[in-house]
Engineer: 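Let me begin by handing over the structure; questions about it come next.
Throughout, numbering of the chain's residues begins at 1 and tracks the sequence. From a predicted model like this one, the values you see are computed outputs, not experimental measurements.
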Amino acid sequence: MTPEQIAAASKPMVLDIGDAFTRCPVTLRRARLLGISGWAFYVTGRAGVLGDVRAETAAAALGFLAPDAVADGWEGAGRTVRPSEVAAATLAECCRWGSENLDDAPRVERLVNLLERTVHAADGSGLPLFAAGRAMPVPGRRAGARAAAALRLLREYFTGAYLLAVRASGMTPREAVLAGPEGEAGAMACGWPPPYPPVGPLVRRRLWAEAVTDRLAAPAFGALGPVDGAELVDLLTAVRAHLGTAVRSHPAA
């Protein structure tokens with residue numbers, strides 16, 4: 001497999017598994033313990049790696065979430081807890097979920113090795129959430145925790161690369177979400193209010209952006225080589241089957 005093929009094959013699984021912990025009821029309970037909403041926990045848990053920045057900066061880094069919706073979550077959390085604390089709590093929940101769900105996954109130690117090599121090799125230029133997240137120490141040392149943390153980082157890596165590709169295509173993030181498989185429902189979930197423009201003319205641009213995303217992400221996976229890269233795809237497939245999760249088909253959000 002070429003690095004681009006490895007990236008393309010890995011992407012849907014990384015996007016789904018790397019975000020699975022956010023759908024866990026125990027993770028949402030952590031938000032209540034911090035005294036903030038689930039939305040504020042999600043927004044600040046991702047952008048909080050940047051520190052005490054303005055809501056506009058957080059929205060620019062997140063990209064696919066509507067700025068007003070980001071501001072609601074960011075400012076709501078900021079009245080109770082510092083962004084860096086929410087980011088640390090989110091990473092801790094990711095590791096907890098990983099220990100509970102991935103420790104017994106097939107060949108998880110080998111998966112961790114391949115994932116961490118990929119994360120280490122990735123170029124963080126233009127990807128602030130990925131770069132800042134990678135600088136945070138992983139609180140869990142069990143294999144499942146490390147795998148979950150690495151998958152979450154690679155999810156930010158793909159999502160950040162997609163944001164760059166979308167802008168290069170001439171689309172706005174809002175248009176990219178609308179042109180995605182979830183359409184208007186996805187746009188509403190990301191905080192973009194109607195009315196919405198027709199998406200027909202945007203589909204070709206979205207497909208181009210998806211291909212460019214794979215090209216941008218490819219160098220990190222190229223560090224594995226074709227054999228180890230193919231093995232990573234196989235192990236991710238096994239983990240997906242182990243979890244029984246449904247795969248997302250795009251990195252927006």
Side-chain angles (χ1 to χ4, degrees), residues 1-20 22 42-43 45-47 49-50 57-66 70 87 94 114-136 147-182 186-187 190 202-226 228-229 232-233 236 247-253:
M1 297 180 76
T2 68
E4 197 166 327
Q5 288 171 330
I6 298 166
S10 299
K11 181 171 65 178
M13 294 181 283
V14 167
L15 293 174
D16 185 60
I17 304 169
D19 193 45
T22 66
Y42 175 75
V43 167
R46 289 182 62 198
V49 295
L50 303 175
T57 303
L62 290 165
F64 295 107
L65 304 181
V70 171
C94 176
L114 297 174
L115 289 171
E116 291 183 345
R117 282 167 56 191
T118 306
V119 167
H120 180 74
D123 183 355
S125 302
L127 308 173
L129 297 184
F130 168 76
R134 183 170 58 178
M136 293 181 66
L151 283 163
R152 180 173 179 248
L153 281 174
L154 285 178
R155 189 180 195 280
E156 290 291 10
Y157 180 65
F158 274 120
T159 303
Y162 186 55
L163 180 58
L164 294 176
V166 162
R167 298 313 309 271
S169 75
M171 285 191 295
T172 65
R174 175 174 177 262
E175 289 173 333
V177 175
L178 282 168
E182 296 177 11
C190 290
L202 302 174
V203 173
R204 182 174 296 181
R205 289 189 181 187
R206 184 183 69 82
L207 294 174
W208 181 88
E210 293 276 8
V212 171
T213 300
D214 298 337
R215 201 170 308 138
L216 291 172
F221 293 89
L224 298 179
D228 286 356
L232 173 62
V233 173
L236 288 172
V247 175
R248 296 185 178 192
S249 57
H250 66 100

Engineer: Can you tell me how far the CG atom of Asp228 sits from the CZ atom of Arg117, to the nearest 0.5 Å?
Structural biologist: 4.5 Å

Engineer: Could you go through Ser169 and Val212, starting from their C-alpha distance and side-chain angles, then the distance that decides it, and tell me whether this counts as side-chain contact (heavy atoms from CB on, under 4.5 Å)?
Structural biologist: CA-CA 9 Å; Ser169 75; Val212 171; over 6 Å; no

Engineer: For residues Val119 and Ala150, report the shortest heavy-atom separation together with the two atoms involved.
Structural biologist: CG2-O, 3.9 Å

Engineer: Can you name the closest pair of heavy atoms from Val177 and Cys190 and give their distance?
Structural biologist: CG1-SG, 4.3 Å

Engineer: Checking the side chain of Tyr42 only, and the main-chain atoms of Thr22 only, is there a donor and an acceptor separated by less than 3.5 Å?
Structural biologist: no

Engineer: Residues two or more places apart in sequence or in another chain: which of them pass side chain to side chain donor-acceptor pair (under 3.5 Å) with Thr57?
Structural biologist: none

Engineer: With sequence neighbours left out, write down each residue that passes side chain to side chain contact (heavy atoms under 4.5 Å, CB included) with Ala148, or none if nothing qualifies.
Structural biologist: Cys94, Trp97, Leu102

Engineer: List the atom pairs, with distances to 0.1 Å, where a side-chain N or O of residues 122-132 and a protein N or O form a donor-acceptor pair under 3.5 Å, not counting sequence neighbours.
Structural biologist:
from   : atom 1 : to     : atom 2 : distance (Å)
Asp123 : OD1    : Ser125 : N      : 2.9
Asp123 : OD1    : Ser125 : OG     : 2.7

Engineer: Tell me, please, which residues at least two apart from Arg204 pass side chain to side chain contact (heavy atoms under 4.5 Å, CB included).
Structural biologist: none

Engineer: In Å, rounded to the nearest 0.5 Å, how long is the span from CG of Leu50 to CG of Leu62?
Structural biologist: 8.0 Å

Engineer: Flag the pair Ile17 / Arg155 as yes when at least one side-chain heavy-atom distance between them is below 4.5 Å, and no otherwise.
Structural biologist: no

Engineer: Quick one: pull up CG in Leu154 and CZ in Phe221 and give me the separation to the nearest 0.5 Å.
Structural biologist: 5.0 Å

Engineer: Do you know which two heavy atoms are closest between Ala187 and Leu178, and how far apart they sit?
Structural biologist: CB-CD2, 3.6 Å

Engineer: Checking Thr159 side chain against Glu156 main chain: does a donor-acceptor pair fall under 3.5 Å?
Structural biologist: no

Engineer: Which residues pass the salt bridge (charged side-chain N to carboxylate O under 4.0 Å, His left out) test with Arg134, sequence neighbours left out?
Structural biologist: none

Engineer: Identify the two heavy atoms, one from Val14 and one from Leu151, that lie closest to each other, and give their separation to 0.1 Å.
Structural biologist: CG1-O, 3.8 Å

Engineer: Tell me every residue that passes side chain to side chain donor-acceptor pair (under 3.5 Å) with Arg174, counting only those two or more places apart in sequence or in another chain.
Structural biologist: none

Engineer: How close do Arg46 and Val49 get, heavy atom to heavy atom, and via which atoms?
Structural biologist: O-CG2, 3.3 Å

Engineer: So, taking the atom named CG in Leu153 and the one named OG1 in Thr118, what distance separates them when rounded to the nearest 0.5 Å?
Structural biologist: 11.5 Å

Engineer: Distance from Asp214 atom CG to Ile6 atom CD1, nearest 0.5 Å?
Structural biologist: 11.5 Å

Engineer: Taking all non-hydrogen atoms of both residues into account, name the closest pair between Ala209 and Ala165 and its distance.
Structural biologist: O-CB, 3.4 Å

Engineer: Could you tell me whether the side chain of Leu15 reaches within less than 4.5 Å of the side chain of Tyr162, counting heavy atoms only?
Structural biologist: no

Engineer: Run the salt-bridge test on Lys11 and Glu210 with the 4.0 Å N-O cut-off and return the result as yes or no.
Structural biologist: yes

Engineer: From Phe158 CZ over to Leu163 CG, what is the distance, rounded to the nearest 0.5 angstrom?
Structural biologist: 15.0 Å

